[in-house]
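Report on the structure given below.
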Amino acid sequence: MDWEKELYKENEQPLDTLVDGYSNTAIFRKIAFIGDSLSSGEFETAAPDGKRGFYDLFEYSWGQYIARHNGLTAYNFSKGGMTAKRFNESFAEDMGFWDNSLAAQAYVIALGVNDLNHADWELGSPDDIDPSDYKNNKDTIFGHYGAIISRYREISPDAPFFFVGFPRSTSYNEKKEKMIEGLYRLTEIFPHSYVIDLAKYGPVYDERFKKQFYLNGHMNPAGYILTARMIDSYIDYIVRHNPDKFKNAGFVNSGIEYKFDQ
């Protein structure tokens, strides 16, 4: 077996191949998925009178699909309608999501849709973040996003973070473009963090895509499975292409001392 040829295909891009079987995402035995309805497996009903119903069914979330596929534990730190501001200011505290007993070996953050589309909070920039003290962050989307990262880094100092960017769709706009640019800047502020850039490498969520994978305004079960495969494959790609960054993943939150002078 030529393992290099098998694992590192020439000119490979993150989503050129969707993983089958165990992926390198499985090196993390506990992953926290921080997000909104799309991270919660939310289904949307539409009655004849136009009334909408919204139901978070976590077992259908892409995080739980990834967990079942890789035999790991996934925490749904998510809820339909969630924003970075609400998560940071009240939701996580109310739900006990800052509890050290829920410390994860990796964190996937997929926030921003409701912040920009519905709440219309000020986007700000990564300059609004004080990485030494999140309490000094400004009251902007990036200020609260950065606070979430900082607070979980206090709980799991060595855990990697993956920031999920928006896919391209009919609602893709300049604000979303600027937020994705900001996510890349966050990787410069916070070590061991990475962007899952669905706009650059994922499919376009056009009319044909939505007919196949959407149920009213949210995804259908097959859509959540496809999302799971994309996120799983993207993390697998990042791990494979950064082996030195992830070789100690098994020690994260283990209580085992593994940092020694070389």
Side-chain angles (χ1 to χ4, degrees), residues 3-35 38-39 61-75 77-78 103-112 126 145-146 148-150 152-153 156-168 179-203 224-254 258:
W3 62 270
E4 289 184 293
K5 183 177 180 181
E6 177 65 25
L7 296 181
Y8 302 100
K9 296 178 173 59
E10 187 176 359
N11 301 318
E12 181 189 16
Q13 298 300 320
L15 294 179
D16 283 353
T17 304
L18 297 183
V19 294
D20 289 316
Y22 279 118
S23 78
N24 281 287
T25 307
I27 67 173
F28 310 112
R29 306 313 300 150
K30 293 181 180 179
I31 303 179
F33 294 92
I34 302 164
L38 295 178
S39 300
S61 68
W62 45 266
Q64 294 299 334
Y65 278 120
I66 291 173
R68 291 191 291 269
H69 181 75
N70 287 298
L72 56 86
T73 297
Y75 297 135
F77 293 172
S78 61
Q105 289 180 299
Y107 293 83
V108 179
I109 304 180
L111 288 168
Y145 201 111
I148 294 168
I149 300 168
S150 293
Y152 279 119
R153 287 182 70 85
S156 297
D158 299 323
F161 284 75
F162 302 93
F163 311 137
V164 181
F166 308 107
R168 289 197 175 274
M179 185 159 184
I180 293 174
E181 291 173 2
L183 295 182
Y184 278 102
R185 284 193 57 199
L186 290 183
T187 66
E188 300 170 4
I189 297 173
F190 297 101
H192 207 12
S193 60
Y194 309 86
V195 176
I196 295 177
D197 195 339
L198 297 181
K200 186 174 183 179
Y201 297 108
Y224 287 117
I225 289 177
L226 177 62
T227 304
R229 296 188 71 195
M230 290 193 294
I231 302 296
D232 191 6
S233 299
Y234 211 123
I235 294 175
D236 173 85
Y237 173 90
I238 291 171
V239 173
R240 284 189 290 108
H241 287 266
N242 297 275
D244 287 345
K245 298 290 186 180
F246 293 96
K247 62 185 179 182
N248 290 319
F251 292 123
V252 175
N253 297 330
S254 69
Y258 67 91

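Rounded to the nearest 0.5 angstrom, Asp232 CG and Ile31 CD1 are separated by 8.0 Å. Rounded to the nearest 0.5 Å, atoms CZ (Arg29) and CG (Asn253) are 14.0 Å apart. Atom CD in Glu181 sits 12.5 Å away from atom CG in Leu186 (nearest 0.5 Å). For the atom pair OG1 of Thr227 and CG of Leu198, the computed distance is 8.0 Å after rounding to the nearest 0.5 Å. Note that OG of Ser233 and CG of Leu18 are 4.5 Å apart. Values are rounded to the nearest 0.5 Å. For the atom pair OG1 (Thr17) and OH (Tyr237), the distance works out to 11.0 Å, reported to the nearest 0.5 Å.
Between His69 and Tyr22, the ring centre distance reaches or exceeds 6.0 Å.
Listed for the Gln105 side chain is no donor-acceptor partner under 3.5 Å among the backbone atoms of Ala159. Judged by distance alone, with hydrogens and angles left aside, the side-chain atoms of Ser23 form no donor-acceptor pair with the main-chain N or O of Val19 at under 3.5 Å. Arg153 places no side-chain N or O within donor-acceptor distance of the main-chain N or O of Pro160, the cut-off being under 3.5 Å.
For Asn70 and Thr25, the side-chain atoms include no donor-acceptor pair closer than 3.5 Å. Between the side chains of Asp16 and Tyr201, not a single donor N or O lies within less than 3.5 Å of an accepting N or O. The closest side-chain donor-acceptor pair between Tyr107 and Ser156 falls under 3.5 angstrom.
Across Phe162 and Ala106, no two heavy atoms sit closer than the pair CE1-CB, 4.2 Å. Smallest separation of non-hydrogen atoms from Tyr65 and Ala228: CB-CB, 3.6 Å.
Inter-residue side-chain proximity for Phe77 and Ser39 is flagged as unmet; no heavy-atom pair is nearer than 4.5 Å. Between Ile180 and Phe166, some side-chain heavy-atom pair lies under the 4.5 Å cut-off. Between Leu183 and Thr187, every side-chain heavy-atom pair lies at or beyond the 4.5 Å cut-off. Asp158 places none of its side-chain heavy atoms less than 4.5 Å from the side chain of Phe251. Counting only heavy atoms from C-beta outward, the side chains of Arg229 and Asp20 approach each other to under 4.5 Å. Contact check for Tyr224 versus Leu38: side-chain heavy atoms found under the 4.5 Å cut-off. Residues Leu111 and Ile148 form a side-chain contact, since some pair of their non-hydrogen atoms from C-beta on lies under 4.5 Å apart. The shortest side-chain heavy-atom distance between Ile34 and Ser78 does not fall under the 4.5 Å cut-off.
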Go through the steps to decide whether Ile231 and Ile66 satisfy the test side chain to side chain contact (heavy atoms under 4.5 Å, CB included), and finish with yes or no.
CA-CA 8 Å; Ile231 302 296; Ile66 291 173; 4.0 Å; yes

Would Val164 and Tyr234 count as a side chain to side chain contact (heavy atoms under 4.5 Å, CB included) here? Give the steps.
CA-CA 10 Å; Val164 181; Tyr234 211 123; over 6 Å; no

Determine, stepwise, if the pair Trp62 / Leu226 fulfils side chain to side chain contact (heavy atoms under 4.5 Å, CB included).
CA-CA 8 Å; Trp62 45 266; Leu226 177 62; over 6 Å; no

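Here Arg168 pairs with Glu177 under the salt bridge (charged side-chain N to carboxylate O under 4.0 Å, His left out) rule; sequence neighbours left out. By the side-chain hydrogen bond (donor to acceptor under 3.5 Å, both in side chains) test, Arg240 is found to be paired with Glu12, Asp236, residues two or more places apart in sequence or in another chain being considered.
The aromatic rings of Phe163 and Phe161 sit tilted, their planes meeting at an angle between 30° and 60°.
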In residues 242-249, what donor-acceptor pairs under 3.5 Å come from side-chain atoms, sequence neighbours left out?
| unit_1 | atom_1 | unit_2 | atom_2 | d |
| --- | --- | --- | --- | --- |
| Asn242 | ND2 | Ile238 | O | 2.8 |

